[in-house]
Peer 1: 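One structure, pasted below without further comment.
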Amino acid sequence: MISIRQSTATGPNTKLKEVDPKKKETNSAWLKRVGAKNGIILLGGATVSHFRIRVAQSHARGDLKPSLWSLVGILIDGDKFLSVPLELCGDASEIATRNGVTTCPIADYDDPGKFPNIAVFSLTDNTAMISEKAYLVAGDGKRPAQRSIVDLPTLMLPWLRYIWVAGNATNPLSEDKGVPSAVFVETVYGMAGIELTPGLASATSCPEAVWQAAKYWHEFYHEEAQQTLDKYAKQYVPNGWYALRQRIAAADWPPETT
Amino acid sequence: MPFLIIPNEAFGDVAIIWVAAIDENFDAATVELQYGSNQVPLHDNWTFFATDDGSRRIRYQRVMLKNLTERTNYPLQLLVNGVVRATGRVKTIPYNLPTAADIPFIVLLGSCYYARDDKAAAVQQTYFQLPTAAKPDVKILCGDQVYLDSPWYDFLNPLHGYNWLQSRSFNVYASSWGAGPADAIRWAPMLSDGANFFCSDDHEYWNNAPDIGLDVPYFTLTQNGRDQWWKMARELYTIFQTNAGRPLVFQVKPLSFCIAETRYDRGPDGSHLMPPDSMTAIGDWARDLDGPGVLVLGQPFFEDAHGSLGQLKDRGLPDYVQQYQQLRNLLSNANHTIVILTGDVHFGRFAVATLRPELGTKLYEVISSPLQLVPLGGGTYRKPPQVFGEVDEVIPEFSLGRNFFLTLEFTAPSANRASMHIRMWPITKDGNAQPSQTIGKGPIELI
């Protein structure tokens, strides 16, 4: 169990609304329907690797159940998001060059069978500052990525080891090593002055903690919104939507054919 | 160099600069302090002090520079009759901690400097050899900046009286502050370079002050002897180091600092560490924190009480039972993580306890000692005692009998949190810069 503070709120954030997906509706179609173009995107996957990440985050839940989520990113328009996925493809040297950050097309996460859970919410309208900070971490072609801000490839290694069960495959969260995608998003929002996981140390950030912040820390964000410093992004209580097709974690993708 | 500049505290738009002339005659109407492209006349407000035997004298003042720009370097020059007689530098602090992408706000932490044995001026060499990116914004020197009571054999002559003691104490300060012969300059250039936040410990007075000092019995055995020395040393501390008083609180948001004297107003026989209103001020600071806190004390908080024999030798904070308990309670009420910075014990230690489990807050203690070990200073490492629930070493002993100082690099991972990265800088032994060592696994998040 990792140390996580519980919100003192007496109920969930009503500005985060459940919008059921239509039958066979893809994630991109769902995103279009709710009208989300930016903010934070959460995905819960059903592959073995995503299932294992969801299970690992049970340490951050009071009920010790697997998380609904396995990946978090920054939606930069309706079609793609910045994140640090553990699916490796392309040139390996890109990982170091871009500090592990990848521009992920939503199309790659469209299949509701593979990614049954999705949420999107926003905390600020200052998307320019969020983008600026994100590219500071990831590099933008003109400036190199700044691994001194947060070294994401170093975090990816223990997570890859864990999902592959290779070598010392202990749960990285129990060693204060956050899920890389969450640490990335948390760092970017932190640099913009927005606390993404008030209940958890940044180093142990994970999609579950981001979800809990959006769902249960609305009173905290309400207070923060009153006292934002000029140099930071003006923030507000998280508002957005979510759809849950798989409430109980299962590694059921790809479907068995026999 | 009998004219001196040593910056005291610096804040976002204000800096306090100590300027002094030791054993110098000068026309005050011709004195001015230049800071950056500005200047301020120092025609008035000089305070005069002379030793009772008339052998040494000082004129000094603390100049408050206002309307400065945050986190900006100001070169300092003291001009007398148009001639530069002393130089220095002060850097204002930022109002807010830098983000992770920026240069951190860096605090140097050091204590226990026995100038007499720093013959090669190794401490200032180490300081000036710091890489540019590691240079501190401010220095916190948390006690024993001078040893007025060492070496012990200087105090064996029963014919030495108060005048000798006062004159000797003045000489120790003057020499250490850079007013001695050029070949005896030790760390004074380092003091002149950047702001200094001072707090005192026993050797600003004598070992185990204000109680009997076993190493200086002729001067401390009687109440009258102790009273005389105490009054004189307190005055010199105020003249040379800082205007001691209530805890000094300032912010580099979201971080809040509180520098608290636990020696300057200490009472005899374990009665009290500080006046009640100072303790109240610490309580107010801890209670009102809206981000992590840094509390500077002259002695470790994670310490066992000494037995009656131990108290004869050296009292620590827990030997002041009532106020120590009060301090424990005040810290326990804080809503944020607190880092205690301290020295005194001649070893380095980094320890942690849980402050409020329901908030996930911690109580850290960082010990940085010594800058230059006093002879027979011991320094055997002690693990942190279990005086605040479970107290753990963050890392095992790291000082290993070396002279060193620490730098603490603070950034803001978000608007409400701070990140602290501690590095140890061993003092050079051969003039060559030593590699630094990260203390712990790397940056630690303070919530």
Peer 1: Given heavy-atom pairs under 4.5 angstrom as the criterion, report whether the side chain, backbone, both or neither of I194(A) touches chain B.
Peer 2: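 Contact with chain B is through the backbone of I194(A) alone.
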
Peer 1: Could you tell me which residues satisfy side-chain hydrogen bond (donor to acceptor under 3.5 Å, both in side chains) with N117(A), sequence neighbours excluded, listed by chain and number?
Peer 2: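 None.
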
Peer 1: What distance do S414(B) atom OG and M191(A) atom CE have between them, rounded to the nearest 0.5 Å?
Peer 2: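 CE of M191(A) is found 12.0 Å from OG of S414(B).
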
Peer 1: Could you report the tightest heavy-atom contact between A100(B) and I149(A), atom names first, then the distance?
Peer 2: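 So the minimum-distance heavy-atom pair works out to CB-CG2, 3.6 Å.
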
Peer 1: Tell me the closest heavy-atom pair linking A101(B) and Q146(A), and the distance in Å.
Peer 2: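 For A101(B) and Q146(A), the tightest heavy-atom pair comes out as O-OE1, 4.0 Å.
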
Peer 1: In terms of heavy-atom contacts, does NZ of K135(B) have more than 12 from other residues, nucleotides or ligands at under 6.0 Å?
Peer 2: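 Buried by this count: over 12 neighbours within 6.0 Å.
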
Peer 1: Taking side chain as everything from C-beta outward and backbone as N, CA, C, O, which of these in L359(B) sits under 4.5 Å from a heavy atom of chain A? Side chain, backbone, both or neither.
Peer 2: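 Backbone plus side chain of L359(B), per the 4.5 Å heavy-atom cut-off to chain A.
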
Peer 1: Supply the atom-to-atom distance I444(B) CD1 to D176(A) CG, rounded to the nearest 0.5 angstrom.
Peer 2: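 Separation between the atoms: 10.5 Å.
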
Peer 1: Mind checking side chain to side chain contact (heavy atoms under 4.5 Å, CB included) for A415(B) and listing every partner two or more places apart, or none if nothing turns up?
Peer 2: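 In terms of side chain to side chain contact (heavy atoms under 4.5 Å, CB included), with neighbours along the sequence ignored, A415(B) is linked to Y232(A).
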
Peer 1: Checking side-chain contact (heavy atoms from CB on, under 4.5 Å) for the pair E224(A)/N416(B): CA distance, chi angles, key distance, verdict?
Peer 2: CA-CA 9 Å; E224(A) 288 297 295; N416(B) 305 85; 2.9 Å; yes

Peer 1: Rounded to the nearest 0.5 Å, what separates atom OG1 in T197(A) from atom CZ in R417(B)?
Peer 2: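 Nearest 0.5 Å value for the OG1-CZ distance: 4.5 Å.
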
Peer 1: I need the minimum non-hydrogen distance between N96(B) and K231(A), along with the two atoms involved.
Peer 2: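 Nearest heavy atoms, N96(B) then K231(A): CB-NZ, 3.6 Å.
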
